[in-house]
Number of protein chains: 2
Amino acid sequence: MKLSTKTQSFVMHFGEMGSKWGFNRTVGQMIALMVIHEKALSADEIAEALSISRGNVSMGIKELQSWRLVQVQHIPGDRKDYYTTVGDLWQMARTVFEERMKREVEPTLSLLRSQLMDSADNDKEAYALQQMQEIHDLIEMLTQWSASLNSLKPETLQSVMKLGAGVTKVLEFKNKFSNSEK
Amino acid sequence: MKLSTKTQSFVMHFGEMGSKWGFNRTVGQMIALMVIHEKALSADEIAEALSISRGNVSMGIKELQSWRLVQVQHIPGDRKDYYTTVGDLWQMARTVFEERMKREVEPTLSLLRSQLMDSADNDKEAYALQQMQEIHDLIEMLTQWSASLNSLKPETLQSVMKLGAGVTKVLEFKNKFSNSEK
DNA sequence: TTAAAGTTTCAGTAAATTCTGAAACTTTAA
DNA sequence: TTAAAGTTTCAGAATTTACTGAAACTTTAA
């Protein structure tokens, strides 16, 4: 499988960025390849297209499956496994977001909760705990907010986003209305 | 400088998570230390508290300055540099968000734009380009939306967040209103 | 102006992560 | 049942990233 120049640089770029997005180079390349390739790919095709070892592909697929980004597809009469991305791009973006929250935020929330269980021994620690409390509250708020938005259906979410900072106007309006109601 | 047990585990946790958040272990520990320590710290104090080399602290400070998270503070009659976090925790969260967008998203947007400049040579490439266009549009929408929210003042942003998925109700209401106006 | 105190840099080393490839394991058609 | 095709695992090699510590540089008080 030969990649066109444009395809090639797209795939390589996702490799470079991969580490910033929570996976390693080859995993980044793999998901990029699957996204721009309409048909499902076998592990061998992936290895060939990216010039990486068969073992590495297998590791990468496992990783992408743990991210819920890739799934197996079977072709009748062919016992090979073929892999494709799960859902459309919107769905994938949501999934990546959810998984990153789970991996990057949840462990911290749970550490903070346990630290905040008991109280401070001295002034210095009191300040530290106060900061931890603030961080906890902030993260929790962001988490709940994003979870509630993520539960909207794509179209709705899209119109909310289009509104942008315009929400505030709607907010003011809502306040005015609910006041006049009383 | 000796750290209490709670402080210690907070700092170490930020070290572990650091890599998932875009910096390395010691940089993560450093920012955690500064956040829970009320007074500004000298490089030597940081090195001692974390048992890391002086050179490493210097590197880490440079990194945190490039993230706009840490600034120098001078104490009259003392020629040493002391370091503190920039702004309150809300401000820091915004800054981290902005910097991560800049580092994790902008390069991809710009690659996609350049790829989309010219057209496809064949069907396979046409599909690839179509996917790239979709990714581009999606990222751009998210970017603009988050930028517009980030421009709100903290209190406003907070009430928008508290509203959560409730925005949709307000949205419907707004639609009804603007229709009846016409 | 100088020397002591403070700060930064960076070459080399250490540690962590990623990748390869061969061996072990699994599946299925004959 | 077996052997060929397909798949997965994992120990060690390669690569990348982080860290140390000593040397170079900068600042300032005398």
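Every heavy atom of this structure was used, including side-chain atoms; hydrogens, water molecules and symmetry mates were not. Order of the sequence lines sets the chain letters (A, B, ...), proteins ahead of strands, with each chain counted from 1.
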Residue pairs passing the salt bridge (Lys or Arg N to Asp or Glu O under 4.0 Å) test where at least one lies in residues 45-56 of chain A, sequence neighbours excluded: A:D44-A:R54
Counterpart residues, ring pair (Phe, Tyr, Trp, His ring centres under 6.0 Å), relative to A:F10 (two or more places apart): A:F14
Could I get a table of every N or O pair under 3.5 Å where one atom is in the protein and the other is in nucleotides 17-19 of chain D?
| from | atom 1 | to | atom 2 | distance (Å) |
| --- | --- | --- | --- | --- |
| D:dC19 | OP2 | B:T26 | OG1 | 2.6 |

Trace of the side chain to side chain contact (heavy atoms under 4.5 Å, CB included) decision for A:M30 with A:L33: CA-CA 5 Å; A:M30 287 172 60; A:L33 182 63; 5.7 Å; no
Where chain A begins and ends its contact with DNA chain C, read 5' to 3' at 4.0 Å from heavy atoms: C:dT18 to C:dT28
Intra- and inter-strand pairs of DNA chain D in dot-bracket (Watson-Crick or G-U wobble, both distances under 3.5 Å; | for another strand): ||||||||||||||||||||||||||||||
With A:K102 via salt bridge (Lys or Arg N to Asp or Glu O under 4.0 Å) - residues at least two apart: A:E99
Which residues share a side chain to side chain donor-acceptor pair (under 3.5 Å) with B:W67, sequence neighbours left out: B:E63
For A:E98, all residues meeting side chain to side chain donor-acceptor pair (under 3.5 Å), sequence neighbours excluded: A:R68, A:N150
All salt bridge (Lys or Arg N to Asp or Glu O under 4.0 Å) counterparts of A:D88, not counting sequence neighbours: none
Verdict with supporting geometry, A:S19 and A:R25, side chain to side chain contact (heavy atoms under 4.5 Å, CB included): CA-CA 6 Å; A:S19 55; A:R25 179 147 32 88; over 6 Å; no
Inter-residue atom distance A:E38.CD - B:Y127.OH, 0.5 Å rounding: 5.0 Å
Within residues 72-81 of chain A: residues closer than 4.0 Å to DNA chain D (heavy atoms): A:R79, A:K80, A:D81
Sequence-distant partners of B:Q91, side chain to side chain donor-acceptor pair (under 3.5 Å), two or more places apart: B:T95
Path from A:M101 to A:L109 over hydrophobic side-chain contacts below 4.5 Å: yes
Pairs meeting criterion salt bridge (Lys or Arg N to Asp or Glu O under 4.0 Å) with involvement of residues 105-131 of chain A, two or more places apart: A:R113-A:E140, A:D118-B:K6, A:E125-B:K6
